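Here is the structure we will look at.
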Amino acid sequence: MKMFESIKEQIKDIKKIVFVTGAGISQESGIPTFRGKDGLWRNHDAMKLATIDAFYNNPKLVWEWYNERRENIFAAQPNLGHKAIAELEKFAEVIILTQNIDGLHQKAGSSKVLELHGSIVKIKCSVCDFKDEMITEFSEIPPLCKCGNILRPGVVWFGESLPQDVWQKAMIAASECDLMVIAGTSLVVSPANILPIYAKQNNAILIEVNPENTEMSSEMDLVIRNTSAITLPELVSVFN
Ligand code: APR
């Protein structure tokens, strides 16, 4: 509770909370982040693995990397940060706008999760409108759609736009909340990084939970330089 002492009276009765989360919230579940100290991109060239051009240049390499990430993610469990956000649903309406594709918020029990960048378990055809949860591993990669074209991971790559319906809902949630907690994201990638601006325009209170500085630290009402698994359970005790 000491972390939130300065802001406790202002937030304890808030009923509309939005979380904007990124790779950092899953770091304590053993899933590496992209740009932090253990950054995933450090030993993978992002532009080789997460763009539509890279996919068409070498679909097998991109599939191999996503299959490797999928194995890592399936072995991961939600940590105390994910679980704290799920528990907050007992005290307020909680909507999570996550950039993560690992499904750990849902696994922790959160019921309102918008996956801005898609999901590691989803697949879709690169040409026709076939979409599906990925139900089995594929014998050969890249897997083919019934239409004969190659299937791709159901994620948003650099340079691609977010699904319009998902982004609309995210903007509305950000514009209507009274408290926005930004946890585990460097706020480097757009358009997710403008969500705190929508919240601020609605006079929401902004709290950042991140061991490191972000692009918007100076805009926050409270900055907690600690990890989400340590910090978020304390946030729950403010509402409990
Ligand atoms: N708790 C909280 N924050 C943490 C923790 C932790 N245990 N560990 C690291 N962080 C912070 C880092 O300091 C960093 O600011 O999490 C942030 C992770 O930032 P990124 O690696 O840039 O991840 P993210 O912000 O989710 O990236 C956005 O970029 O690569 C694309 O599509 C990918 O969704 C991703 C997007």
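Remember, it's a predicted structure, so these values are computed and weren't measured experimentally. Order of listing sets the numbers, starting from 1, for every ligand and every atom in it.
The shortest N/O to N/O separation between Asn210 and ligand 1 falls below 3.5 Å. Distances between N or O atoms of Ser186 and those of ligand 1 include at least one value under 3.5 Å. At least one N or O atom of Glu28 sits closer than 3.5 Å to an N or O atom of ligand 1. Residue-to-ligand polar distances keep Val156 apart from ligand 1: every N/O pair is separated by 3.5 Å or more. Considering backbone and side-chain atoms alike, Asn213 places every N or O at 3.5 Å or more from each N or O of ligand 1. Considering backbone and side-chain atoms alike, Gly22 places every N or O at 3.5 Å or more from each N or O of ligand 1. The N/O atoms of Ser228, backbone and side chain alike, include one that comes under 3.5 Å of an N/O atom in ligand 1.
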Exercise. Under the side-chain contact (heavy atoms from CB on, under 4.5 Å) criterion, do Asn67 and Ile141 qualify, and how do the steps go?
Worked result: CA-CA 10 Å; Asn67 282 347; Ile141 40 176; 3.9 Å; yes
For this session: Would you sort out whether Phe19 and Leu88 count as a side-chain contact (heavy atoms from CB on, under 4.5 Å), showing the intermediate values?
Result: CA-CA 11 Å; Phe19 281 81; Leu88 261 180; 3.5 Å; yes
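Under the 3.5 Å distance criterion, the side-chain polar atoms of Asp102 are left unmatched by any main-chain donor or acceptor of Ile120. No donor-acceptor pair under 3.5 Å is formed between the side chain of Ser110 and the backbone N or O of Lys112. Of the possible polar contacts, one joining the Thr214 side chain to the Met216 backbone as a donor-acceptor pair under 3.5 Å is found.
Using a 4.0 angstrom heavy-atom cutoff, Val189 counts as in contact with ligand 1. Not a single heavy atom of Trp157 sits less than 4.0 Å from an atom of ligand 1.
Considering all non-hydrogen atoms of both residues, Arg152 and Ile52 come closest at NH1-CD1, 3.4 Å.
Of the options Ala183, Ala50, Gly184, Gly118, the smallest heavy-atom separation from atom 18 (C) of ligand 1 is shown by Gly184. Across the listed options His117, Glu208, Arg225, Glu212, His117 owns the non-hydrogen atom lying nearest to atom 32 (O) of ligand 1.
Short contacts between ligand 1 and Ala23, defined as distances under 4.0 Å to a heavy atom of the residue, involve ligand atoms 23 (O), 24 (P), 26 (O). Against a heavy-atom cut-off of under 4.0 Å, Thr227 is close to the following atoms of ligand 1: 1 (N), 6 (C), 7 (N).
The backbone and the side chain of Thr33 each have at least one atom closer than 4.0 Å to an atom of ligand 1 (non-hydrogen atoms only). Contact annotation for Gln99 and ligand 1: heavy atoms of both the backbone and the side chain come within less than 4.0 Å of the ligand.
Atom CG of Leu232 is separated from atom CD of Glu28 by 9.0 Å, given to the nearest 0.5 angstrom. The OG atom of Ser186 sits 8.5 Å away from atom CG of Asn193, with the distance rounded to the nearest 0.5 Å.
Taking the six-membered ring where the residue is Trp, Trp157 and Phe55 present tilted rings, their angle falling between 30° and 60°.
Side-chain contact between Ile17 and Asp178: absent, with no pair of heavy atoms (C-beta onward) separated by less than 4.5 Å.
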